[in-house]
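Quick caveat, the model's predicted, so the values are computed rather than measured. As a basis for the values below, the full set of heavy atoms in this structure was taken, side chains included, without hydrogen atoms, waters or symmetry mates. We number each residue from 1, following the sequence as shown.
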Amino acid sequence: MQNAVDVRDVVRRQGRFQLGPLSLTIPAGCIFGLIGPNGAGKTTLLDLICGVGRAQSGTITVMGMDIARDEVAIKQRIAYAGPETSYLPWGRVGRLIDFVSGFYPDWDDVKCESLLEAFGLQRSQFIPALSFGGASKLGLVLALSRDPHLIVLDEPTTGLDPVARRVLYAELLNRMQRPNRTILIATHILADLERFADRIALIHQGSVRLAGDMATISERYVQIDVALAAGADAPVVPGLTLLAHLGARARYLGDREALAPGWESTLAGEIVERKALALEELYLALESTPPVRELAA
C-alpha cells in the first residue's frame with residue numbers, strides 16, 4: 001500500500017530555528033500522532049506537508065505525489081484545520097461555508113449540516129463573535145465536511161469542551177472505516193492521542209526523536225526503580241537513562257532495544273519496581289534533561 005506521506009531529508013530554516021534534516025513515513029490507513037514541545041517544529045512540518053512554504057532541501061511526497069510538482073492535486077486530497085487559520089473576512093458562518101464548499105468536489109452538504117448541529121454552530125452566526133472554541137469548531141466543520149484521503153489537524157482540541165472533543169474523535173474514528181484514509185494530528189493532549197492513535201512521532205528541536213506504532217513503543221520503554229546498595233552511586237548502564245536520584249534510590253527509563261543481556265547485574269542494587277509508562281509519562285521522561293531531578297522522599 002502506498003504511504004500517505006513520505007518526508008525525506010527535509011530541511012527548513014526559519015530565522016534561528018531549523019527543522020531537520022528530518023525523515024518520516026506516515027503509512028496510509030492510520031491515525032498518526034505528532035507530539036513534541038512548543039517550538040519543536042510540529043506546525044512547520046504540517047505546513048510543509050500541506051504545501052505552505054518550501055523546504056530548503058529534501059523531498060515530500062503525499063499519496064505518491066511530489067509536493068513541489070503536484071501541489072494543486074495534493075491540496076484537493078488534503079483537509080486541514082488549525083488554530084492559526086482566520087475566517088473573519090467572510091463575516092458569517094454560512095457565507096464562509098458557501099465559499100469553501102465550491103472548491104471541493106468531495107464536499108458533503110448533509111455532513112456539513114450534521115457537524116454544525118453536533119458542534120452547536122449555526123450558519124447565521126457572526127464569525128468575529130465566535131469564542132476561540134467556536135472558531136476551532138468552525139475549522140473542524142470545514143475540514144470534516146469533505147472526504148479527503150488525508151486529514152491534517154493541528155491542535156484540534158484546543159478550546160473544545162468535553163462534548164465537542166467527543167464529537168470530534170467519534171467522527172475521526174468513523175472516518176477510519178473507509179479504505180486508505182489517514183489522519184495526522186499534532187496535539188499536546190496525549191491522553192486522547194494514546195487512546196486513538198495507531199502510530200506516533202516525537203519531534204524534538206526539529207528532529208524526529210522517536211517514531212513507531214503505539215504497541216511497539218509501549219513495549220520498548222519501561223520505568224525502573226532501583227534500591228542501591230549501601231554507599232553505591234547510581235551506575236551508568238547502556239540502555240538506561242537516569243531520571244531521578246535520591247540517596248539509595250534511583251529511577252531509570254529503560255530502553256529494551258538498547259539493553260544488553262545481563263544488564264541487571266550492573267545495577268549495584270535491587271530492582272524494586274518495573275512500570276509500563278503512559279504516553280504522557282514516556283513523553284516527559286524522554287524530554288527530561290540534566291540536572292537529574294530528585295525523587296520525593
Peer 1: Just so I know, are the side chains of Tyr252 and Pro235 near enough to count as touching, which here means a heavy-atom distance under 4.5 Å?
Peer 2: yes
Peer 1: Hey, what do you get for CD1 (Ile60) to SG (Cys50), rounding to the nearest 0.5 Å?
Peer 2: 9.5 Å
Peer 1: Who pairs with Phe196 by ring-ring contact (aromatic ring centres under 6.0 Å, His included), at least two apart in sequence or on another chain?
Peer 2: Tyr169
Peer 1: With a sphere of 6.0 Å drawn around CD of Glu219, does it hold more than 12 non-hydrogen atoms of other residues, nucleotides or ligands?
Peer 2: no
Peer 1: Return the CG to CZ distance between Leu22 and Arg8, rounded to the nearest 0.5 Å.
Peer 2: 10.0 Å
Peer 1: State whether Tyr104 and Arg146 meet the cation-pi test: NZ (Lys) or CZ (Arg) under 6.0 Å from the six-membered ring centroid, and within 45° of the perpendicular axis.
Peer 2: yes
Peer 1: List the residues meeting salt bridge (Lys or Arg N to Asp or Glu O under 4.0 Å) with Asp198, not counting sequence neighbours, and say none if there are none.
Peer 2: none
Peer 1: For Arg165, enumerate each residue passing the salt bridge (Lys or Arg N to Asp or Glu O under 4.0 Å) test, keeping only those at least two apart in sequence or located in another chain.
Peer 2: Asp192
Peer 1: Crowded around Arg166 CZ? As in, over 12 foreign heavy atoms under 6.0 Å?
Peer 2: no
Peer 1: Give me each pair satisfying salt bridge (charged side-chain N to carboxylate O under 4.0 Å, His left out) with a member in residues 54-70, each pair once, sequence neighbours excluded.
Peer 2: Arg54-Glu71
Peer 1: With rounding to the nearest 0.5 angstrom, report the CG to OG distance, Asp213 to Ser218.
Peer 2: 8.5 Å
Peer 1: Roughly how far, to the nearest 0.5 Å, is the CZ atom of Arg249 from the CG atom of Leu228?
Peer 2: 9.0 Å
Peer 1: Identify each donor-acceptor pair in which a side-chain atom of residues 84-95 lies under 3.5 Å from a protein atom, sequence neighbours left out, and give them as a table.
Peer 2:
{"residue": "Arg92", "atom": "NH1", "partner": "Ser124", "partner atom": "O", "Å": "2.8"}

Peer 1: Would you give the length of the straight line joining atom CD1 of Ile151 to atom CD1 of Ile78, rounded to the nearest 0.5 angstrom?
Peer 2: 11.0 Å
Peer 1: Is Glu264 atom CD crowded by more than 12 heavy atoms from other residues, nucleotides or ligands, each under 6.0 Å away?
Peer 2: yes
Peer 1: Has the side chain of Ser207 got a donor or acceptor atom that lies under 3.5 Å from a matching backbone atom of Arg209?
Peer 2: no
Peer 1: Salt bridge (Lys or Arg N to Asp or Glu O under 4.0 Å) with Arg181: which residues, sequence neighbours excluded?
Peer 2: Asp147
